[in-house]
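Convention: sequence-line order gives letters A, B, ...; per-chain numbering from 1.
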There are 2 protein chains.
Amino acid sequence: MSVQERKERERASRERLIVATARELAEQQGWDAVTTRRLAERIEYSQPVLYSHFRGKREIIGAVALEGAAEMAAALRAATSGADGRRSRVAALAHAYLEFAERNPAVYDALFQLDGGLAFAREDTPEPLKDAFAALLETLGEVAGEGVHPALFTELFWSALHGLATLTRAGRLLPEGAGQRLDLLVERLAVL
Amino acid sequence: MSVQERKERERASRERLIVATARELAEQQGWDAVTTRRLAERIEYSQPVLYSHFRGKREIIGAVALEGAAEMAAALRAATSGADGRRSRVAALAHAYLEFAERNPAVYDALFQLDGGLAFAREDTPEPLKDAFAALLETLGEVAGEGVHPALFTELFWSALHGLATLTRAGRLLPEGAGQRLDLLVERLAVL
DNA sequence: TCGATTGTCTAGCAGTGCTAGAATCGATCC
DNA sequence: GGATCGATTCTAGCACTGCTAGACAATCGA
């Protein structure tokens with residue numbers, strides 16, 4: 001049985017290599033540059049190997065998204081755990097969210113813009129995605145205000161952050177006002 | 001000179017046909033289905049004709065976006081003009097924005113998600129885009145609150161709307177809570 | 001009616017995601 | 001150790017993409 005175990009380890013290792021390489025390539029040159037040929041060349045295998053791990057390019061994007069979701073959840077929790085008081089926790093969360101989006105644009109796209117074939121806001125939503133939302137909820141639920149459902153408030157706050165992140169990166173908003181917009185968002189939306 | 005004028009009219013007419021067909025096709029089957037071949041076939045010309053009007057597919061998307069921006073501005077103004085009082089004007093604006101996004105997903109994508117080669121938030125931004133933002137500003141500037149720059153407030157409110165629109169359509173948010181999220185947004189963000 | 005110019009089309013490029021079937025590798029058994 | 005056979009990987013190719021060079025035809029002015 002040891003031979004088979006080794007093979008499975010090697011397979012899993014190669015799968016991680018594919019995901020990591022796709023992510024790296026996407027961060028370097030954008031998702032358009034992540035073609036099956038280029039990806040195959042970088043991992044030093046032929047194209048069809050990719051299809052023995054994933055159904056297609058979409059699933060590779062989905063794998064990067066899941067990896068990113070876990071990282072984002074960790075980043076958000078790290079940011080809020082170091083802050084005292086509701087106001088600074090919310091501000092730290094919002095700041096960490098936008099920073100993650102800015103530093104990992106390709107991962108952010110895989111998560112929220114591209115089609116990675118993932119199910120959202122459902123029973124069968126993958127755990128990392130649920131957990132990333134949970135990380136938002138932990139902090140934002142505290143400031144939803146009287147009679148407002150914490151999850152609903154979190155969705156709204158998240159939408160605003162998402163709008164800021166995407167419009168800024170797409171050149172629809174100038175980066176100059178980013179700080180002020182963020183302050184205003186926290187001040188107005190949250191009940192502190 | 002009449003001959004040349006007729007030719008120019010015909011050319012302009014064909015250009016409108018291209019844009020209208022691209023939009024129609026995108027709304028019916030998504031932007032992925034808008035290929036140069038399919039588009040050429042629908043307008044009953046060969047592919048190269050498209051390139052005598054536009055530099056490439058990107059510019060066609062941009063043309064659809066400009067058309068959409070004008071329509072959106074009109075829709076927003078129509079919605080707010082029929083409402084009395086700040087609160088109902090803002091609510092009507094927000095509702096009209098999300099409705100436009102939902103009813104014209106392809107146009108909305110061309111405007112805010114895809115690369116149509118357009119300049120945003122700049123001096124040389126095309127007039128229709130400036131005007132669409134102006135339409136938002138007219139209503140939202142009234143409720144920015146003391147000491148808050150109207151344009152900055154408008155950008156934030158717009159970001160929230162954009163986040164709601166895109167996350168909902170991408171399946172990241174369930175449509176059920178849409179009404180409540182919108183109410184909460186207006187109530188919290190605007191100073192009424 | 002002729003020549004020139006304009007406009008349009010056919011055919012083709014290099015690239016894409018994905019797959020069938022050939023070739024090769026490696027674990028197992030005698 | 002060498003043959004066998006199954007799993008794995010590769011080569012080659014499909015139909016498609018955006019885009020363009022160069023051949024062709026229609027239209028205009030003289």
Side-chain angles (χ1 to χ4, degrees), chain A residues 1-19 21-23 25-26 28-65 106 109-110 114-118, chain B residues 1-19 21-23 25-26 28-65 106 109-110 114-118:
Chain A
M1 277 299 158
S2 167
V3 168
Q4 194 167 353
E5 282 174 11
R6 194 206 69 221
K7 284 198 174 184
E8 278 175 24
R9 270 202 315 276
E10 287 173 353
R11 238 191 99 75
S13 153
R14 192 173 63 182
E15 190 159 316
R16 280 194 302 274
L17 176 64
I18 292 173
V19 176
T21 306
R23 174 176 178 170
L25 195 50
Q28 282 171 1
Q29 308 180 38
W31 276 106
D32 278 352
V34 184
T35 68
T36 54
R37 279 175 237 284
R38 242 190 297 258
L39 187 50
E41 195 188 5
R42 287 229 181 171
I43 64 167
E44 295 180 312
Y45 281 93
S46 68
Q47 287 172 283
V49 164
L50 300 174
Y51 294 86
S52 73
H53 289 272
F54 303 96
R55 284 177 181 277
K57 192 182 169 179
R58 166 192 291 204
E59 267 197 8
I60 297 177
I61 294 173
V64 172
D109 280 346
L114 301 175
D115 179 11
L118 301 174
Chain B
M1 277 302 156
S2 168
V3 168
Q4 195 169 352
E5 281 174 12
R6 194 206 67 219
K7 284 199 174 185
E8 278 175 23
R9 270 203 313 277
E10 288 173 353
R11 237 191 100 76
S13 154
R14 192 174 61 183
E15 188 158 316
R16 282 194 301 275
L17 177 63
I18 293 173
V19 176
T21 306
R23 175 176 177 169
L25 194 49
Q28 282 172 0
Q29 308 179 38
W31 277 107
D32 279 351
V34 183
T35 68
T36 54
R37 283 181 228 295
R38 240 190 297 258
L39 187 49
E41 195 188 6
R42 287 228 182 173
I43 63 167
E44 295 180 312
Y45 281 94
S46 69
Q47 287 171 281
V49 165
L50 300 174
Y51 293 86
S52 73
H53 289 271
F54 303 95
R55 284 176 182 279
K57 192 183 171 181
R58 166 192 291 204
E59 266 197 8
I60 297 177
I61 295 173
V64 172
D109 280 346
L114 301 176
D115 179 12
L118 301 175

Scan residues 45-58 of chain A against DNA chain D and write down, sorted by residue number, each residue with any heavy atom closer than 4.0 Å; if none is found, say none. Y45(A), S46(A), P48(A), V49(A)
Taking CZ from R11(B) and P from dT6(C), how many angstroms apart are they, rounded to a whole number? 13 Å
Suppose we screen for side chain to side chain contact (heavy atoms under 4.5 Å, CB included). Which residues come up paired with I61(A), at least two apart in sequence or across chains? W31(A), A110(A), L114(A)
All salt bridge (Lys or Arg N to Asp or Glu O under 4.0 Å) counterparts of E15(A), not counting sequence neighbours: none
Quickly work out the E59(B) CD to dG18(D) C1' distance and round it to whole Å. 14 Å
How close or far is atom P of dT9(D) from atom CD1 of I43(A), stated in whole angstroms? 10 Å
Euclidean distance, atom CD of residue E15(A) to atom P of dT8(D) [Å, nearest integer]: 14 Å
Whole angstrom is fine here: how far is it from CD in E41(A) over to C1' in dC10(D)? 15 Å
Which whole-number value in Å describes the distance from L39(B) CG to dC19(D) P? 12 Å
Taking K57(A) for the side chain and V34(A) for the main chain, is one N or O donor matched with an acceptor at less than 3.5 Å? yes
For the pair made of CG in D32(A) and P in dT17(D), what is the distance, rounded to whole Å? 16 Å
Distance check: side-chain N/O of T36(A) vs OP1/OP2 of dC18(C), anything under 4.0 Å? no
Ignoring hydrogens and angles, are the base of dG15(C) and the side chain of R37(A) linked by a donor-acceptor pair under 3.5 Å? no
Under the 3.5 angstrom rule, does the side chain of T21(A) hit a backbone N or O of L17(A) as a donor-acceptor pair? yes
Could you pull out all residues at least two apart from E10(B) that satisfy salt bridge (Lys or Arg N to Asp or Glu O under 4.0 Å)? R6(B)
Does R38(A) place a side-chain N or O at less than 4.0 Å from the phosphate oxygens OP1/OP2 of dT16(C)? yes
Sequence neighbours excluded, which residues qualify as salt bridge (Lys or Arg N to Asp or Glu O under 4.0 Å) partners of E41(B)? none
Nearest-angstrom distance from the residue atom CD of E10(B) to P of dT27(D): 10 Å
List in chain and number order the residues that pass side chain to side chain contact (heavy atoms under 4.5 Å, CB included) with Q29(B), two or more places apart in sequence or in another chain; answer none if no residue qualifies. L25(B), A33(B), R42(B)
